[in-house]
Amino acid sequence: MTVRTRFAPSPTGFLHIGGARTALFSWAYAKKHSGKFILRIEDTDVERSTPAAVQAILDGMAWLGLDYDEGPFYQMQRMGTYKKVLQTMLDAGTAYYCYCSKEELEALRETQMQQGLKPRYDGRWRPEAGKVLPQIPADIPPVIRFKNPQTGSVVWNDLVKGRIEIANSEMDDLIIARADGTPTYNFCVVVDDFEMGITQVIRGDDHVNNTPRQINMLMALGATIPQYAHLSMILGDDGQKLSKRHGAVSVMQYHEDGYLPEAVLNYLARLGWSHGDAEIFNMQQFCEWFDLEHITPSAAQFNTEKLNWLNAHYIKEMDMNLLASDILVRLQANIHAAYRAPFLNDVLALYRERANNLNQLAADIAYFYVLPTPSAEDIEKHITPEIMPAIKTFSENLAKIEWNAEAIHHEINAVVTAFGLKFPKIAMPLRVMLTGIAQSPSIDQVMALLGKEETRVRIEKYIK
RNA sequence: GUCCCCAUCGUCUAGAGGCCUAGGACACCUCCCUUUCACGGAGGCGACCGGGGUUCGAAUCCCCGUGGGGACGCCA
């Protein structure tokens, strides 16, 4: 049987890191088994779903390169199907109308909570043999409930968590269609997973409690039950639960924050899943290796430090021209006076090794394009009156230096020797003058790239 | 409250009863490289939640605690 997995986000916000990992695992599972990966947008909550959120999810998946074979399907466009199945269930007696008002239900819940009971529907409109149902009120539009079995239990072998059994007595008759006739989440999922032939449902473990209900409905429909794999959640860097208020950000934010999709993908793949000691691998390898057996059932804490490390790796690996075009955009975003220098590739070759973030990399090389302003501390510490004679001599000799790193290095050495100094004594002030800070790659290489004229101008600013 | 899930270094994890004196990675520390800062290289610190079983033998299996998390919507 062909493997068919799906990612089914509800468009009520952006694609966050947890959703992205769920999508990644579903995607990889389909790839691994030469199956199909389906994208389904669960937009039945009209109040909270927005086209902007749909777009944000699509953008996030596109950035990560998570391509889908079918879809996106929109549940709101499948109303006809849902209505049909609803009627079938009503006819078959596996679903029924319930005329309780919201207020009535609320009161029921409250009473049960007070008594320390699990809040649940009491089945007052559930038809039973020989039972007399209440008088149908004229002013209440009914909802439709699923007639859940009351005895026995639902068991499934979760591909991540193992055997899970939940007693039917723990479940009540859930609402599958609202008073306005629109179907609800659990019902739509069931119909869609069935109709789309989903073979493995890979989703967040906040759905574990929905699974037995869905299995019961699937059985009522005579459907084949898919396998389930429930992924545990991702905690924030601080070990706290991710939420809109706390730490949950769009995957696109990582793009803005200077991360490469390769790094995010590799990081996410290793969060909750492992393949022996493998730490760095591309998506092709991941898809070959991926399995559900090696997914950890416990929650995982996000670790930005490790993401940074992977990001550094992928920055080093990246194709130079692609890197340059990315950095160019970031330079322009950060620096008004940015212009395209012909030697951006050379500058990056000198700097990429030291960067673990694209924004940082862009900021680090900004001094090539905009005059830097060193801090007062650095000036005071490194550009001392004692060193100025040597700097002045070096500056005067600039004109005769053949402009390459080796020759520059040679000239600095000559000055250093002439003044009886140590190399750093002159390298540090030059760094501050030329780059604006006291840390940089070899100063001779920096000068070689900066150019003779620009080097002269920047040094002379400090010669009184 | 009820039900469900989880539990190995600070973090991500390896581990399917003897290969475990518990392995790797990030972070941290030390040293090396060095012209500063990085990169890189070599070392180091550092964990099986507790208690009972089962077994010749348990990080691995079972039970009970404890701790954490999730679910209990006409949200998804």
Side-chain angles (χ1 to χ4, degrees), chain A residues 8-12 42-45 47-49 75 98 100-102 105-106 109 112-120 141-145 158 160-162 164-167 169-172 174-186 188-189 203-212 230 232-233 235 237 239 241 267 270-280 293-294 296-310 312 316 351-356 364 382 409 412-413 416 422-428 430-432 435 437-444:
Chain A
S10 66
T12 54
E42 311 216 319
D43 54 356
T44 53
D45 184 354
E47 302 280 295
R48 297 194 301 156
S49 297
Q75 291 186 322
C98 167
C100 287
S101 66
K102 287 186 182 182
L105 257 17
E106 194 121 334
R109 238 193 306 275
Q112 289 166 326
M113 288 285 247
Q114 273 171 6
Q115 292 171 355
L117 297 169
K118 187 170 183 164
R120 61 213 305 210
V143 298
I144 299 174
R145 288 185 184 270
D158 196 277
V160 170
K161 293 178 186 289
I164 298 178
E165 172 168 5
I166 296 175
S169 57
E170 287 300 324
M171 293 173 244
D172 62 359
L174 72 155
I175 291 171
I176 57 177
R178 303 177 179 93
D180 66 4
T182 58
T184 60
Y185 166 76
N186 277 104
C188 296
V189 167
R203 62 191 357 172
D205 73 356
D206 47 333
H207 289 291
V208 166
N209 293 276
N210 288 326
T211 305
H230 287 100
S232 49
M233 58 186 301
L235 271 21
D237 240 327
K241 186 192 170 182
Y267 180 74
R270 272 293 283 107
L271 199 58
W273 176 84
S274 61
H275 183 76
D277 289 341
E279 292 288 350
I280 293 177
E293 292 76 61
H294 288 85
T296 333
S298 55
Q301 191 171 317
F302 195 88
N303 185 225
T304 305
E305 298 284 0
K306 191 159 181 181
L307 207 213
N308 288 342
W309 171 71
L310 282 166
K316 284 179 212 161
Y351 268 88
R352 72 191 306 189
E353 293 266 312
R354 3 176 16 100
N356 64 12
D364 284 350
H382 299 290
H409 186 88
I412 297 177
N413 261 336
V416 159
K422 294 276 189 207
F423 199 104
K425 207 70 187 145
I426 190 166
M428 294 310 286
L430 285 172
R431 262 192 189 97
V432 173
T435 75
I437 56 171
Q439 296 82 242
S440 82
S442 296
I443 195 62
D444 43 36

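Reminder, nothing fancy here: chain letters follow the sequence lines and each chain counts from 1.
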Colleague: Using atom C1' in both nucleotides, what's the gap between B:rU13 and B:rC20 to the nearest angstrom?
Modeller: 16 Å
Colleague: Quantified in whole Å, what is the P atom distance between nucleotide B:rA27 and nucleotide B:rC12?
Modeller: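 Per the computed distance, 15 Å lies between those P atoms.
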Colleague: Could you tell me whether A:His230 contacts a base, only the sugar-phosphate backbone, or nothing, with contacts defined as non-hydrogen atoms closer than 4.0 Å?
Modeller: nothing
Colleague: On a whole-Å scale, what distance lies between the P atoms belonging to B:rG23 and B:rC49?
Modeller: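 Result for the P pair: 16 Å, nearest Å.
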Colleague: Closest nucleotide of RNA chain B for A:Pro424 versus for A:Asp45: which of these residues is on the 5' side?
Modeller: A:Pro424
Colleague: Rounding to the closest angstrom, what is the interatomic distance between B:rU60 and B:rA7 at atom P?
Modeller: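 One P to the other, the span is 12 Å.
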Colleague: Report yes if some heavy atom in the side chain of A:His230 is under 4.5 Å from a heavy atom in the side chain of A:Val208; otherwise report no.
Modeller: yes
Colleague: Measure the distance from CZ on A:Phe423 to C1' on B:rU35 and round it to the nearest whole Å.
Modeller: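 After rounding, the gap between these two atoms is 5 Å.
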Colleague: Expressed in whole Å, how much space separates the C1' atoms belonging to B:rA22 and B:rC48?
Modeller: 8 Å
Colleague: Please report, rounded to the nearest Å, how far the P atom of B:rG24 is from the NZ atom of A:Lys306.
Modeller: 13 Å
Colleague: With rounding to the closest Å, how many angstrom separate the C1' atoms on B:rG67 and B:rC33?
Modeller: 47 Å
Colleague: Categorize A:Gly272 for me: base, sugar-phosphate, or nothing, with a 4.0 angstrom heavy-atom threshold over every strand shown.
Modeller: sugar-phosphate
Colleague: Could you tell me how the ring of A:Phe423 sits relative to the ring of A:His409: parallel (under 30°), tilted (30 to 60°) or perpendicular (over 60°)?
Modeller: parallel
Colleague: Applying a 4.0 Å non-hydrogen cut-off, can you work out what A:Pro441 is touching in the nucleic acid: base, sugar-phosphate, or nothing?
Modeller: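 It contacts base atoms.
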Colleague: Across all strands shown, which nucleotide pairs with B:rG18 by Watson-Crick or G-U wobble geometry, both distances under 3.5 Å?
Modeller: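 Across all strands, the one nucleotide that pairs with B:rG18 is B:rC56.
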Colleague: Is the closest side-chain heavy-atom distance between A:Asp206 and A:Met233 below 4.5 Å?
Modeller: no
Colleague: CG of A:Asn210 to CG of A:Asn186: how many Å apart, nearest 0.5 Å?
Modeller: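 Spacing of CG (A:Asn210) from CG (A:Asn186) equals 4.0 Å.
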Colleague: Classify A:Ser298 by what it touches in the nucleic acid, base, sugar-phosphate, or nothing, heavy-atom distance under 4.0 Å.
Modeller: sugar-phosphate
Colleague: Report, as yes or no, whether the 6.0 Å neighbourhood of atom CD on A:Glu47 holds more than 12 heavy atoms from other residues, nucleotides or ligands.
Modeller: no
Colleague: Work out how far the P atom of B:rU11 is from that of B:rC28, and round it to whole angstrom.
Modeller: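 To the nearest whole Å, 16 Å.
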Colleague: If each of A:Ala8 and A:Ile164 is mapped to the nucleotide of RNA chain B with the nearest heavy atom, which maps nearer the 5' terminus, i.e. the 5' end?
Modeller: A:Ile164
Colleague: Tell me, please, which residues at least two apart from A:Thr182 pass side-chain contact (heavy atoms from CB on, under 4.5 Å).
Modeller: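 side-chain contact (heavy atoms from CB on, under 4.5 Å) check on A:Thr182 returns A:Arg178, A:Asp180.
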Colleague: Run the side-chain contact (heavy atoms from CB on, under 4.5 Å) test against A:Glu293 and tell me which residues pass, sequence neighbours left out.
Modeller: A:Asp291
Colleague: If I take atom CG from residue A:Leu271 and atom CG from residue A:Asn303, how far apart are they, to the nearest 0.5 angstrom?
Modeller: 9.0 Å
Colleague: Would you indicate what A:Ala438 reaches in the nucleic acid, counting non-hydrogen atoms under 4.0 angstrom: base, sugar-phosphate, or nothing?
Modeller: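 Since a base atom lies under 4.0 Å of A:Ala438, the category is base.
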Colleague: Check whether any side-chain heavy atom of A:Leu310 lies under 4.5 Å from a side-chain heavy atom of A:Ile280, and answer yes or no.
Modeller: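 Yes - at least one pair of side-chain heavy atoms lies under 4.5 Å apart.
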Colleague: Whole angstroms only, please: what is the CD-P distance between A:Gln301 and B:rA27?
Modeller: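 One finds 16 Å between P of B:rA27 and CD of A:Gln301, rounded.
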Colleague: Between A:Arg120 and A:Glu170 (salt bridge meaning N to carboxylate O under 4.0 Å), is one present in this structure?
Modeller: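 Not counted as a salt bridge, because no side-chain N and carboxylate O are separated by less than 4.0 Å.
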Colleague: If B:rC3 has a Watson-Crick or G-U wobble mate with both distances under 3.5 Å, name it; if not, just say none.
Modeller: B:rG70
Colleague: So A:Glu279 and A:Arg270, do their side chains get closer than 4.5 Å, heavy atoms only?
Modeller: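 Touching, per the 4.5 Å side-chain cut-off.
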Colleague: Between B:rG10 atom C1' and A:Phe302 atom CZ, what is the distance in whole Å?
Modeller: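 That distance rounds to 17 Å.
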Colleague: What integer distance in Å separates A:Ile443:CD1 from B:rU34:P?
Modeller: 19 Å
Colleague: So does A:His382 reach the base of B:rU36 with its side chain, donor to acceptor, closer than 3.5 Å?
Modeller: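 Flag unset: no donor-acceptor pair detected.
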Colleague: Do the side-chain N and O atoms of A:Asp237 and A:Thr304 include a donor-acceptor pair separated by under 3.5 angstrom?
Modeller: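 A pair is found: one side chain offers a donor N or O, the other an acceptor, under 3.5 Å apart.
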Colleague: Using the P atom on both, measure B:rC56 against B:rU8 and round to a whole Å.
Modeller: 29 Å
Colleague: Given atom CG of A:Asn356 and atom C1' of B:rA27, what is their separation to the nearest angstrom?
Modeller: 13 Å
Colleague: Show each protein N/O and nucleotides 14-16 of chain B N/O combination with a separation under 3.5 Å, one pair to a line.
Modeller:
residue: B:rA14; atom: OP1; partner: A:Ser274; partner atom: OG; Å: 2.9

Colleague: Short question: side chain of A:Arg352, backbone of A:Lys316 - any donor-acceptor pair under 3.5 Å?
Modeller: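 Answer holds: yes.
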Colleague: Give the nucleotide from the list B:rU36, B:rU35, B:rC5 with an atom nearest to the side chain of A:Lys161.
Modeller: B:rC5
Colleague: What nucleotide among B:rC26, B:rC3, B:rC12 has an atom nearest to a side-chain atom of A:Glu305?
Modeller: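 Within the option list, the nearest is B:rC26.
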Colleague: For A:Ala438, which residues count as a side-chain contact (heavy atoms from CB on, under 4.5 Å) partner, sequence neighbours excluded?
Modeller: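 Counting only residues at least two positions away or on another chain, A:Ala438 forms a side-chain contact (heavy atoms from CB on, under 4.5 Å) with A:Asp378, A:His382, A:Met428, A:Val432.
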Colleague: Tell me the interatomic distance from A:Asn308, atom CG, to B:rC26, atom P, rounded to whole angstroms.
Modeller: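 Nearest whole value for this atom pair: 13 Å.
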Colleague: What I want to check is whether an N or O donor and acceptor connect the side chain of A:Arg270 with the base of B:rU13 at under 3.5 Å.
Modeller: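 Side chain to base: no pair below 3.5 Å.
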Colleague: What nitrogen or oxygen pairs link the protein and nucleotides 38-44 of chain B at under 3.5 Å?
Modeller:
residue: B:rA38; atom: O2'; partner: A:Arg354; partner atom: O; Å: 3.1
residue: B:rA38; atom: N3; partner: A:Arg354; partner atom: NH1; Å: 3.4
residue: B:rC39; atom: O3'; partner: A:Lys316; partner atom: NZ; Å: 3.0
residue: B:rC39; atom: O2'; partner: A:Glu353; partner atom: OE1; Å: 3.1
residue: B:rG40; atom: OP1; partner: A:Lys316; partner atom: NZ; Å: 3.3

Colleague: Rounded to whole angstroms, how far apart are CG on A:Asp444 and P on B:rU34?
Modeller: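 Rounding to the nearest Å, CG of A:Asp444 and P of B:rU34 are 15 Å apart.
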Colleague: Across all strands, who's sitting opposite B:rU30 as a Watson-Crick or G-U wobble pair, both distances under 3.5 Å?
Modeller: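 The base-pairing partner of B:rU30, which may sit in any strand shown, is B:rA42.
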Colleague: Give the B/S/- string for nucleotides 62-74 of chain B, one per nucleotide from 5' to 3', where a protein heavy atom under 4.0 Å of the base yields B, of only the sugar-phosphate yields S, and otherwise -.
Modeller: -------SBSBSB
Colleague: Please classify the nucleic acid contact of A:Thr44 as base, sugar-phosphate, or nothing, using heavy-atom distances under 4.0 Å.
Modeller: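 Sugar-phosphate, no base atom in range.
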